Structures are given as structure tokens and as C-alpha cells.
Amino acid sequence: MEDIPSVVAKIVESAKAEACLDVKPALAAFVARTVVLEAPEEFPPDQQLTERDVVALVKRCVARLAEADSPQMETLRMQVEFESVFKATEEHLAAKAAEVAGRIAALKNAVVSIEANGGSEFELINNVYRQVYQLLVFATCDGQEADLAVEREVAAALESVFPKIGVKAFRSLDHEVQKQQMDELISIVKGIRVFNWHLGKGGVGLEDTAELVRRSADQLLTNVRVEHKAAESLRKDFESVLVYVHRLPAGERPPVADMQRWRQELCNRQQYLAFLSSLEEEAKQSLELIGKMDDELVDVLESLTSLVKMRASVPKDQVYPKFDLVAEIRAEMDAELKLIRSRHQVLAALQAFSSSCSFTLDPKLVGLADSSEPARDDFGDVLSEASEAPETKFEGDEEEEGKEAEDESKGSDRSSGERRSKKSGGGGHGSEGKSAGGDDRPKLIEPRDSTEFMSLPLQFQGFCPVTVARRNGLLLAGDPNLGVVQWRGTHQVFYSEEAMAVFLAAPERIMSELLSVTRAQPELIQLLELHEHFPETAMQSSMSMARGLRGAGRQQGGQGGQYGAKSAKVDAATETPTHFVEKHIDPSYEWNEWALRRRALQLVNLRNARTSSTQTVKSHFRRENESQVYLPRESGTQTGLSKATNPPRQHQYVVGLRGLASSKFVRYRDGSGAQVSAEEVQSAARSAANSGGPRSTVVNLTLEL
């Protein structure tokens, strides 16, 4: 079973023996991955390669590496060289820092492990103090050899911060506490040396780090801009010529091989410019960062100067933290200086590819292209035509091309914005590209629609995906002024409005075509940042494979293929609001003092409260039962209407019972049924008495109730 490191070693050996090429293992590993990616039928990635397959793979890789004056191969070499040198400088700085840190840790361990060994206490104190002094000399010089003046300055700073009288108390501490205090002592002594250098009274061997960083960054910027200017001029010539020849009729265009060569040369210059732009950005960031650190350092040193000026002694709790801060800022500035100097090495390695291949562009054709000055929309009209390279066909292509030809034959005078709106399914200004298809549909973002329009991260490093997919890898920068298309968490820009309309109509199709083109031209993977779609060809994995860090082949009973298991990666995106609304609300806050006291009493009382339970005889194996009963329903009967009558009632009254002795009853009946009042009764009685009749009278009254 052939493992990957052995395959890479065979490629390197064969290239050196057959073609006299000194190939780096990282380049050999990357080329092997690209060959397997281009021919998965011949070299199945999920199967173990036979001896014949390994021989064929090595032979094909050596043939590709031996291609003379190939822009495609030079682009791959440039990518591998840039990444290799960049990673090597980073590892060198990290290794150097780790070496110094390890030496300091060893010296600290030597200090805490000193024992008396039968000697006197005075000898023990001197031995510990000597070891601490050696630690400070090594740490303040960052592992460099120190001269006598530096040693004297360190000794004076040590005596002022940590006199010998404090060694006994220092020895009584725990080992970890001793190491922590030694770290603080190193920072304070470094800060004292920087402060003395600021006053002009010491700081031997120290330099103006901020000024050194500025000079190095400025020199890097100057060199990068010189290279960028020459490469940018050549890139513009390639773009104008390629746009011009694509606008020509099919019979008047240059040969397909020449156009493909120009596209590869343009890709080479685009990659060269991308690397130069990254170095330029780092130099600008370094200048900005060193400016902030220098201002902060000057402020701290000035505050220290005002604090110790005209004073014999100052409190330690005021000056020691400032010395510690000075040492921290100085360490960051030294690290920035080392980093910016390492970028000069990366630029020197990159400059070797400034003219590594010949550029075959005809100056006369450049003049014709410059004189024509084609508009972006004019070039976009040919995007739907068949390219000179084979393209992936999808269902519906013929119908769409027929409709476009019919529209052109009718002489449609619609504007490009209307055509774009139609092809995007109503994705004009009003609908913003939304349709019944849901959020998966692309959405057009105009410059006026978002306040952060210019800071949106662009996919494919700002290149138009339609020209890459439909023009066999033609790299043309997109124009953000036309708008940005948001699709599946990414943002794309396009060369023209017609190219944007093509993408809005079928984004899945364009992406599939782009990946097909990239699979045939692997130099586009890193330039367009398509590592997530081709994890096997990632530059970092190729370097790891070259070092033999990745497992080779399929293990017995394990998962994964011949070229190692794919890395588990997830592409996720999220949208956050521009301004977060912070709510500082404490739901348990109570402003009433009496409520707080009541709560405190409740908590105190809760400490004495107990809840207990017991099992009784009645509750043992008992359960609560409920029964359902049917209550009698309410019923009633309907009866007849109750009525009442008012019959006449007769009452008899005897009048004159207490009258004369000769009284007699006189009956008086009122036959009319009318009521008889008392006055009428009395008058009747008087009339009877006056007539000589009896004094007693009986009156019959009929009353109605």
C-alpha cells in the first residue's frame, strides 16, 4: 500500500532525475492532488491505488512539473512558494520565541531548585541572587549576548527592586509564587531600562523600535507598490484585449489556444497582484498599529517622568505597574518589528515570479483594444453565447437561448434594468430579488439600500463568477456600483449588468459551471478561495501531506480514502443588527428598604423552618376514591292562571248602645252599595234621635275591599 509521503517522494525524485527539476515536496503534493482531481476515473480518491496507478500518477505529475514556460504551472509554483515562505517565517518566529521562553523557564526552575547542601545561609542567599541576576540579563536581552554596560544597568535595577535582604522572604514562598514574582521582576527591570533610555540616562543597546518599524513598513510599501504598478498595467492590457476579442465575430477572433494562453497569463498576474495586495495591507496595518503603541508608550513614559521628577523616592505601588506596562508595550513593538522584517523575505520570494513566464500579448492588439474602449454592457451581451471551451449543458438552456434570440430579432428596446428585472424573477428595486422561491433566491442590494454597502465581504475576491464560468476561467473584476447580489450568505459582484442578469436567472447553474472550470484549472482554487469546495487541494493540507503529518491511505477497517479523510467543515453565516439595544434591567432589584428587611427576615426564618412527613395507619396503602352520581333533574309543571275576585262584604254596626234607656235598634241599609262615612252614620243617628226614635241604630254597610 503506497502512502502519500512516499508518492510525493517519488515525484520529487523522478522530477530531479528525469527533468533536472528541484521540486519542493509541497508543490509535488499539490500537483498530485490536482491531477487526481482532474481524473477521478483513473485515480479514484476513495480507493487504494495499485502500483500501476502510482507509476502513472508520478509520470503525469512529472510531465506537468516539467512544462516549460507555462503560466498555469508558474501560478501554481507562485502559490506554493508564497505559502511555504509565509508559513516558514511564521514558524521561525514562533520557534525563536519558544526557544527564548524555554530558556527563561529553565533559569527560573534553577532558581527555585537551589538547596543549601550543607553550606551557610549567606552562601545560599548569594547563590540565589546570582541566579536571579543571570535570569534578568538573559531575559532583558531576549537571548542575545549582553555587554558589560547592560549587565551593570541590570544589576543596578535589580538592587533597587529586589535587594538581597528580600531573598530570605522570597525563599519562603511557594515555587509557583516564586516563578510569578520572577516574571514580574523581569517586566519591571525591562521597564526601568526603557525609562532610562527615554530619559537619556541609560538603556544601553535599546533602539527606537517604533521608528525601525516605520522604516521597515515604509520600505515594504515602496517595494510592493513598484511591483504592483507594473503588474497592474499588464493586467489592464490583458483585460482590455480579452474583452475586445470576445466582442469580435467568431471568424475574426484569434485562435482558441492563444486566447486560452492569455487567460492563463491574466490569472498569473491576478494572483501576483493578490499576493502583493495582502503584503501591502499588512504593511498598512503595521504602520497603524505601531502608531497607536508608540503614542501609548510615550504617554506612560511622560506620566512616569512627572511622577519621579525631583523626588528622592516614590511609592512602589505607583511606579511598578507603569514599568510593567512599559515593558509590555515594548515587547509588542519588538514582535511587530520582527514580523514586518519577515514580510520582506516573503516579498523577495514573490518577486522571483514577477517575470517567471513570458507574456505573449501583441502590442498592436493592445492598441486596438484601447482605442475601441468597449463598454461593460457590450461585453455582457456575448455571455449567453457558446464559449470556445466546452461547457456544461443543463436542461432549459436551449429554450432560454431561443427566447433571447427571439427577443433580439424583434428589436426589443427594453433597458438593461428591465431585462435584469425579468431574468431575476422580479428582482428589481421594489421586490429586491425576492420571489415565491423563498430565501434561496438571490437578492440584489443596491448601494442606497445599505449603509454598510462598501464593507460587505465579497465572494471570489471580487471577481465576476459569470465570466469565470462562461468564459473558461476569464478573471474580470466586478463592479460594486452595479449592486451586490446576496445569495446563500455570500455576496457577489459582476462585471456588467448582463452578467448579473445571467446569475440572477440561474445561480445554481453558474456555480456548477464555475466549479467545473475550476476543476480543470486548479490554479483558480486559491485565487477564488474555493477551498471549501475542494478540501483535498487546499494549500495547507498539501503542505501537511508533504511533511508526512497526514495519515496515508485507508487503514485496515478504518474510514477514509487513499488521500486522507476530508476535513469536516461547515459554512455558516449569520446576520446581526448594526446597533445592539442593551437593557440593563435587574428583575430582582428592590428599592424599598422595608421590603428588603422583610425579605431578610423571611430568609432568616426559613433557616429555622422544617418540613416533615410521616406515614400513618390510615394513609398506609390507602387511596382517594371518587364516585360519580347522577343528580335528579330539575322539573316543573305548568298550571292555570290564578285569579282573585272582590265580592261585596257586609258589616253591621250598632249605634247608640251607650245612649238613652229607651233606645232601640234602627236598621239602616244603604242599598246602593256606596260607602257610608262615619259622619253620615253620626248624622243618621242624630236624625233618629231628633225624631224621637231610639238612640241605638244599626247601620248596614256594604264595603268593597
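Computed from a predicted structure; not experimentally measured.
Using a distance-only test at 3.5 Å, with no hydrogens or angles considered, no donor-acceptor pair links the side chain of His92 to the main chain of Ala88. Ser512 places no side-chain N or O within 3.5 Å of a backbone atom of Arg509 that could act as its donor or acceptor partner. For the pair Ser216 (side chain) and Val213 (backbone), a donor-acceptor distance under 3.5 Å is absent. The backbone N or O of Leu65 sits less than 3.5 Å from a side-chain atom of Arg77, completing a donor-acceptor pair. Distance alone, capped at 3.5 Å, places no donor-acceptor pair between the Asn472 side chain and the Gln260 backbone. Proximity of a side-chain donor or acceptor of Arg253 to a complementary backbone N or O of Leu248 within less than 3.5 Å is detected. Between the side chain of Ser286 and the main chain of Ala283, no donor-acceptor pair closer than 3.5 Å is present. Side-chain atoms of Arg214 do not come within 3.5 Å of backbone N or O of Leu287 as any donor-acceptor pair. Judged by distance alone, the side chain of Thr518 and the main-chain N or O of Leu524 form no donor-acceptor pair under 3.5 Å. One N or O on the side chain of Gln461 and one on the backbone of Leu527 form a donor-acceptor pair closer than 3.5 Å.
Between atom SG of residue Cys267 and atom CZ of residue Arg263 there is a gap of 11.5 Å, rounded to the nearest 0.5 Å. Atoms OG1 and CZ, from Thr222 and Arg225 in turn, are 7.0 Å apart once rounded to the nearest 0.5 Å. Summarising the geometry, atom CD1 belonging to Ile340 is positioned 10.0 Å from atom CD1 belonging to Ile290; distances are rounded to the nearest 0.5 Å. Separation of atoms CD1 (Ile510) and SG (Cys464) is listed at 9.0 Å; rounding is to 0.5 Å. For the atom pair OG of Ser70 and CZ of Arg64, the computed distance is 8.5 Å after rounding to the nearest 0.5 Å. Note that CE of Met511 is 4.5 Å distant from NE2 of His533, once rounded to the nearest 0.5 Å.
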- request: Take Leu474 and Leu242, measure what side chain to side chain contact (heavy atoms under 4.5 Å, CB included) needs, and give me the verdict at the end.
  value: CA-CA 8 Å; Leu474 178 57; Leu242 287 170; 3.2 Å; yes
message: Could you go through Glu288 and Lys284, starting from their C-alpha distance and side-chain angles, then the distance that decides it, and tell me whether this counts as salt bridge (Lys or Arg N to Asp or Glu O under 4.0 Å)?
response: CA-CA 6 Å; Glu288 181 180 359; Lys284 291 180 180 179; over 6 Å; no
query: Given the rule in the side chain to side chain contact (heavy atoms under 4.5 Å, CB included) test, do Glu42 and Arg60 qualify, once you have shown the distances and angles that lead to the verdict?
result: CA-CA 12 Å; Glu42 300 181 26; Arg60 186 171 298 185; 2.8 Å; yes
task: For Arg471 and Leu476, run side chain to side chain contact (heavy atoms under 4.5 Å, CB included): C-alpha distance rounded to whole Å, both residues' side-chain angles, the deciding distance at 0.1 Å, then the answer.
output: CA-CA 10 Å; Arg471 285 289 159 237; Leu476 296 179; over 6 Å; no
- prompt: Yes or no on side chain to side chain contact (heavy atoms under 4.5 Å, CB included) for Met500 and Leu504, after CA distance, side-chain angles and deciding distance?
  reply: CA-CA 6 Å; Met500 182 186 295; Leu504 291 173; 4.0 Å; yes
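In this structure, Gln270 and Glu239 have side chains that are in contact, with non-hydrogen atoms separated by less than 4.5 Å. The side-chain heavy atoms of Phe238 and Ser240, taken from C-beta on, include no pair separated by under 4.5 Å. Looking at Val62 and Leu21, their side chains never come closer than 4.5 Å, going by heavy atoms from C-beta outward. Looking at heavy atoms from C-beta onward, Phe494 lies in side-chain contact with Pro465 at the 4.5 angstrom threshold. Looking at heavy atoms from C-beta onward, Val493 lies out of side-chain contact with Leu482 at the 4.5 angstrom threshold. Taking the side chain as every heavy atom from C-beta outward, Leu76 and Val80 never approach each other to under 4.5 Å. Between Lys16 and Val23, every side-chain heavy-atom pair lies at or beyond the 4.5 Å cut-off. Side-chain contact between Phe30 and Gln526: absent, with no pair of heavy atoms (C-beta onward) separated by less than 4.5 Å.
With sequence neighbours left out, the side chain to side chain contact (heavy atoms under 4.5 Å, CB included) criterion links Gln486 to Lys443, Ile445, His491, Glu575. In this view, Phe275 and Phe82 satisfy the ring-ring contact (aromatic ring centres under 6.0 Å, His included) rule, not counting sequence neighbours. By the side chain to side chain contact (heavy atoms under 4.5 Å, CB included) test, Val224 is found to be paired with Leu220, Leu276, Leu279, Glu280, Leu347, residues two or more places apart in sequence or in another chain being considered. Looking at residues two or more places apart in sequence or on another chain, you find a side chain to side chain contact (heavy atoms under 4.5 Å, CB included) between Pro254 and Val245, Met259, Trp262. Taking the side-chain hydrogen bond (donor to acceptor under 3.5 Å, both in side chains) definition, one finds that Gln351 meets it with nothing, sequence neighbours left out.
Taking every heavy atom of both residues into account, Ser14 and Val58 meet most closely at OG-CG1, 3.6 Å. In plain terms, the two heavy atoms of Ala499 and Tyr495 that are nearest each other are CB-N, 4.5 Å. Here the shortest heavy-atom pairing between Ser354 and Phe359 reads O-CE1, 4.2 Å. Closest non-hydrogen pair, Arg261 versus Pro71, comes out as NH1-CD, 3.2 Å. Considering all non-hydrogen atoms of both residues, Pro447 and Pro480 come closest at CG-O, 4.3 Å. When all heavy atoms are compared, the tightest approach of Ala26 to Ser84 is CB-OG, 4.2 Å.
Side-chain contact, Glu523 with Gln79: no donor N or O sits under 3.5 Å from an acceptor N or O. For the residue pair Glu74 and Ser356, a side-chain donor N or O sits within less than 3.5 Å of a side-chain acceptor on the partner. At a cut-off of 3.5 Å, with distance as the only test, no side-chain donor of Gln72 or Glu67 sits close to an acceptor on the other residue. Side-chain contact annotation: Gln219 with Asn223, donor-acceptor N/O pair under 3.5 Å present.
Salt-bridge annotation for Arg269 and Glu265: absent, with no side-chain N of the basic residue lying under 4.0 Å from a carboxylate O of the acidic one.
Applying the salt bridge (Lys or Arg N to Asp or Glu O under 4.0 Å) definition to pairs two or more places apart or across chains, those involving residues 337-363 are Glu90-Arg343, Glu282-Arg343.
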